[in-house]
**Q** 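The following block contains the structure, expressed as structure tokens.
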There are 2 protein chains.
Amino acid sequence: MGQMEQDPVQAIAKRLKMERESRTWSLADLAERSGVSKAMISKIERSEASPTATVLGRLSGAFGLPLSVLLALAEREQERVASHREQPVWTDPETGYTRRAVSPPNSVLELIEVFLPAHVRVPYPASAFAFQHQQIWVLSGRLDFQEGTVLHHLSEGDCLLLGSPADCTFFNPGTEPTRYVVALTRR
Amino acid sequence: MGQMEQDPVQAIAKRLKMERESRTWSLADLAERSGVSKAMISKIERSEASPTATVLGRLSGAFGLPLSVLLALAEREQERVASHREQPVWTDPETGYTRRAVSPPNSVLELIEVFLPAHVRVPYPASAFAFQHQQIWVLSGRLDFQEGTVLHHLSEGDCLLLGSPADCTFFNPGTEPTRYVVALTRR
DNA sequence: CAGATTCGTCTTCTATAGTGGATAAAGAAA
DNA sequence: TTTCTTTATCCACTATAGAAGACGAATCTG
């Protein structure tokens, strides 16, 4: 579970102050750019107030950041490099299907490299990846991706943005192994 | 500019209602799970109130989602497939440095594929990518990545999570072209 | 040293976020 | 139909978010 399931006020306070000071803006500067009073910004930065969505929107706008990114930055605080040999790998002994967790743990943004042998089919229930932003990018080979009732034929270099949660299937229709990336925002 | 630079109240309202109804929860159900009164949830879903960070934290917690993910879901709503040939590519005529925007436009999560010829150096000012969550993953070849005062030697398969904004330099120390991915959360 | 800025916090006040309970509307079961 | 249940919205009230300006401390400027 992410740390944001408790009160996010502390993390937001810290991040907001960091964003402001890294730009060497005073409270008055940020107040002018965002339209939020400096008294309120001061309170928020000291965790003495819980800002509304409207105010958070104005503040993130002043920084040129989408609100979700500002909060993602507030959430994370972890290690940095995941070298290739440290990256956890899992292989299905039956099919040879292989997943490699490329990104450092607890990343907001997660990259997963998958090797899908020829003619192998991998089902994915909707519940397994529901409510995550997710993309599939084919590095090499071909991939038939069934998303609910829609079938996508993806070739080398294609990138698909997943839509609403649905039962999915990965299938390699070719004779060569397919290598693709799953990029997603982690819960 | 992302759509969250205006008031995010509408988008949050829509997304929240969608999350609740997709779970077939009543207002009372969500109120019990989140600790937020159903009157307030009703107001938020009808865009008649701007929820505080504290309340948003409780609601996203009830859904089992980090707050940043909930808002990222609220932000996006766009096209789906970017086929390889549609993806915009830019090449530096002098060095041969090539960037390909893999992800569909306006994605919260953006994938960029870069080809860096041997011995080529690419500087990157802090302002160009500051305050975005960003990772670098080497697909092939080697990459020396200077981040402020820190120098990272990355080899094939390595993935680096970028830290605080700093002036950076990409350098290919090898004799072969380097191919790497920049994954980031877009503004 | 005085005088003028600039900084963050504190004070006062208003607008509204948030709660608990009442109410209305729509079904379901009798 | 009537009655019981479940749904969401409305009402009255309290807590607090948010604005505008005052204040004291620190840093320039001469």
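Predicted, not measured: the structure shown is a model, and the values here were computed from it. Each chain gets a letter, A, B and so on, in the order the sequences are listed, and its residues count up from 1.
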**Q** Could you state the atom-to-atom distance from NZ of B/Lys17 to P of D/dT7 in whole Å?
**A**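 Taking NZ of B/Lys17 and P of D/dT7, I get 14 Å after rounding.
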**Q** Could you check B/Val114 against B/Phe170 for side chain to side chain contact (heavy atoms under 4.5 Å, CB included), going step by step and ending with a plain yes or no?
**A** CA-CA 11 Å; B/Val114 181; B/Phe170 296 84; over 6 Å; no
**Q** Grab the CD-C1' distance between A/Glu45 and C/dT9 for me, whole Å please.
**A**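 Spelled out: CD on A/Glu45 to C1' on C/dT9 is 12 Å.
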**Q** Between atom CG in A/Leu27 and atom C1' in D/dA19, what is the gap in whole Å?
**A**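 Spelled out: CG on A/Leu27 to C1' on D/dA19 is 14 Å.
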**Q** Check every strand shown and say whether B/Glu48 touches a base, only sugar-phosphate, or nothing at a heavy-atom separation below 4.0 Å.
**A** sugar-phosphate
**Q** Can you pull the side chain to side chain donor-acceptor pair (under 3.5 Å) pairs that have at least one residue in residues 29-39 of chain A, sequence neighbours excluded?
**A**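 For residues 29-39 of chain A, and leaving out neighbouring residues, the side chain to side chain donor-acceptor pair (under 3.5 Å) pairs sorted by first residue read A/Ser26-A/Asp29.
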**Q** Near DNA chain D, counting only heavy atoms under 4.0 Å, which residues of residues 28-44 of chain B show up?
**A** B/Lys38, B/Ala39, B/Ser42
**Q** It should be established whether B/Arg46 places a side-chain nitrogen or oxygen under 4.0 Å from OP1 or OP2 of nucleotide D/dC10.
**A**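 It does, given that an N or O in the side chain of B/Arg46 lies less than 4.0 Å from OP1 or OP2 of D/dC10.
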**Q** Using the rule given for side chain to side chain contact (heavy atoms under 4.5 Å, CB included), can you reason through A/Arg142 versus A/His153, listing the C-alpha separation, both sets of side-chain angles and the distance that settles it, and then say yes or no?
**A** CA-CA 8 Å; A/Arg142 292 191 293 138; A/His153 295 283; over 6 Å; no
**Q** Tell me if a side-chain donor or acceptor on A/Thr178 pairs with a main-chain N or O of A/Asn172 at a distance below 3.5 Å.
**A** no
**Q** Walk me through it: do A/Val120 and A/Val122 pass the test side chain to side chain contact (heavy atoms under 4.5 Å, CB included)?
**A** CA-CA 7 Å; A/Val120 168; A/Val122 178; 4.1 Å; yes
**Q** Grab the CG-P distance between B/Asp7 and D/dG18 for me, whole Å please.
**A**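 Answer to the nearest Å: 11 Å.
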**Q** Taking 4.0 Å as the cut-off, does a side-chain nitrogen or oxygen of A/Arg20 come that near to OP1 or OP2 on C/dG8?
**A**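 Yes, within the criterion.
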**Q** Looking at A/Phe115 versus A/Tyr97, is the centre-to-centre ring distance below 6.0 Å?
**A**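 Judged by ring-centre distance (under 6.0 Å), A/Phe115 and A/Tyr97 do not meet the cut-off.
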**Q** Measure the distance from CH2 on B/Trp25 to C1' on D/dT6 and round it to the nearest whole Å.
**A** 18 Å
**Q** Is there a side-chain contact between A/Ser26 and the phosphate of C/dC7, meaning an N or O under 4.0 Å from OP1 or OP2?
**A**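 Checking C/dC7 against A/Ser26, a side-chain N or O does come within under 4.0 Å of OP1 or OP2.
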